[in-house]
Amino acid sequence: ALVGAGTAIKDDRYVQLPSEIKYDEQGVAIAGIDRGNALSKEASSIPIPGVKEVAQVAAGVVTAPVRVIRGIHSFYAIQGYRAELNAWAVRAAQKEGFRPWEGGFWEKVQEHAANPYSEAMEGATDAAEAAAQRATFTTPLGSVGKKSAAFIKALPGGFVLDPFTHVPVNIAKEGVRLTPGLNLLSPTVRNNLLGRNGGPAQSMEMGHMVLGSALAYTAVQMVLNGTATGEGPVDPATRSAWDLDHMRGAVAIGDQWWSY
């Protein structure tokens with residue numbers, strides 16, 4: 001995966017958003033821009049001097065945040081897509097007997113990445129699309145999530161909350177998926193660990209477990225030895241003394257405190 005990410009960054013197709021990627025959140029963004037454009041178009045038909053110009057400025061203001069969000073979304077979607085695609089290309093090259101320390105390996109990786117619909121890369125585009133969705137927290141919601149989102153959208157003024165019914169849910173789900181122990185509640189995680197979804201998925205899930213456990217252990221140890229802090233003691237007198245050699249909401253690396 002790391003090799004795939006690195007290859008994606010320097011890939012000359014990195015700036016191209018794959019046509020296979022279609023997200024609900026992307027649709028929300030497009031809808032927001034369309035609303036601004038519609039505002040400008042409708043106002044331009046009003047026969048009052050200056051209205052058209054004001055409407056155009058208003059439309060630009062309305063759509064500016066959405067355009068920025070679309071740009072950020074596209075950047076991470078492309079990064080996730082290309083990283084996963086190149087990871088598949090690396091595995092395809094290895095299956096054919098090529099090795100990174102031998103000649104022709106990276107040329108073969110580029111060849112596979114440039115032909116993601118070949119037999120050797122079967123399933124790569126689906127996996128890459130899923131990776132892009134995870135990177136942008138736009139994985140399609142389950143049946144319960146979809147019903148909840150539809151209910152909120154149907155409420156008076158629900159369109160204001162509608163964009164926030166997708167990504168926050170996926171952020172919470174991703175947090176559970178990456179929390180050692182708690183992630184075993186997920187059928188997908190269990191199937192990955194048991195190898196039912198293939199060797200690469202099993203290896204990746206085991207890596208998540210090891211890395212997540214290591215990070216959790218490190219965080220607990222830092223809290224216990226005082227090098228990771230919260231808000232500090234509740235008692236004002238105790239907090240005053242504590243503030244002399246601690247920083248609130250920070251971690252200590254060497255002699256330097258870094259706020260989180």
Side-chain angles (χ1 to χ4, degrees), residues 1-6 8 20-26 73 76-77 79-92 94-95 121-152 161 163-231 249-251 253 260:
L2 291 175
V3 172
E20 294 89 345
I21 300 178
K22 298 179 179 65
Y23 304 130
D24 290 343
E25 293 302 317
Q26 190 79 339
H73 170 95
Y76 285 104
Q79 187 181 50
Y81 188 97
R82 294 303 312 176
E84 185 68 17
L85 202 63
N86 280 282
W88 275 68
V90 168
R91 289 194 289 268
Q94 290 177 329
K95 288 180 181 179
M121 292 284 285
E122 183 178 357
T125 54
D126 290 338
E129 181 177 344
Q133 291 174 336
R134 286 196 303 273
T136 52
F137 302 106
T138 54
T139 301
L141 298 176
S143 58
V144 175
K146 289 179 179 178
K147 290 179 181 178
S148 299
F151 173 77
I152 292 174
L161 299 175
F164 305 100
T165 59
H166 195 157
V167 171
V169 172
N170 277 323
I171 291 176
K173 291 171 67 175
E174 193 70 5
V176 171
R177 190 180 74 85
L178 296 176
T179 302
L182 191 60
N183 57 2
L184 294 177
L185 297 174
S186 168
T188 301
V189 171
R190 293 198 302 270
N191 289 334
N192 286 344
L193 289 173
L194 293 173
R196 295 171 181 170
N197 294 327
Q202 183 182 40
S203 298
M204 186 66 74
E205 204 63 65
M206 292 176 67
H208 287 159
M209 293 286 286
V210 172
L211 181 59
S213 298
L215 290 174
Y217 175 80
T218 301
V220 170
Q221 288 299 312
M222 292 182 72
V223 170
L224 291 177
N225 63 30
T227 54
T229 65
E231 287 300 309
V251 295
I253 301 177
Y260 60 83

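Under the side chain to side chain donor-acceptor pair (under 3.5 Å) criterion, R190 pairs with no residue, sequence neighbours left out. Residues satisfying the side chain to side chain donor-acceptor pair (under 3.5 Å) criterion with E174, sequence neighbours excluded, are R177. Partners of E122 by salt bridge (charged side-chain N to carboxylate O under 4.0 Å, His left out), not counting sequence neighbours: none found. Not counting sequence neighbours, the partners of N191 by the side chain to side chain donor-acceptor pair (under 3.5 Å) test are R196. Checked against side chain to side chain donor-acceptor pair (under 3.5 Å), T227 has the following partners two or more places apart in sequence or in another chain: N225. Residues forming a side-chain contact (heavy atoms from CB on, under 4.5 Å) with N192 (at least two apart in sequence, or on another chain): T188, N197, A201, E205.
Note that the CH2 atom of W88 and the CG atom of D126 stand 8.5 Å from one another [nearest 0.5 Å]. The line from NE2 of H208 to OG1 of T179 is 12.0 Å long, rounded to the nearest 0.5 Å.
Looking at F137 and V169, their side chains never come closer than 4.5 Å, going by heavy atoms from C-beta outward. With a 4.5 Å cut-off on side-chain heavy atoms, V167 and T136 do not count as touching. Side-chain contact between M209 and L193: present, with at least one pair of heavy atoms (C-beta onward) separated by less than 4.5 Å. At least one side-chain heavy atom of P140 sits less than 4.5 Å from a side-chain heavy atom of Q133. Side chains of L224 and Q221 form a contact here, defined as non-hydrogen atoms less than 4.5 Å apart.
Between E84 and A131, the shortest heavy-atom contact is CB-CB, 3.6 Å. Y260 and G230 get closest at one heavy-atom pair: OH-CA, 4.0 Å. Nearest heavy-atom pair across L141 and K146 is O-CE, 3.1 Å. Of all heavy-atom pairs between M121 and A92, the closest is SD-CB, 4.1 Å. The shortest heavy-atom contact between A132 and A77 is CB-O, 3.4 Å. Minimum interatomic distance between G249 and T229 (heavy atoms only, all atoms of both residues): N-OG1, 3.3 Å.
The backbone N or O of T139 sits less than 3.5 Å from a side-chain atom of H166, completing a donor-acceptor pair.
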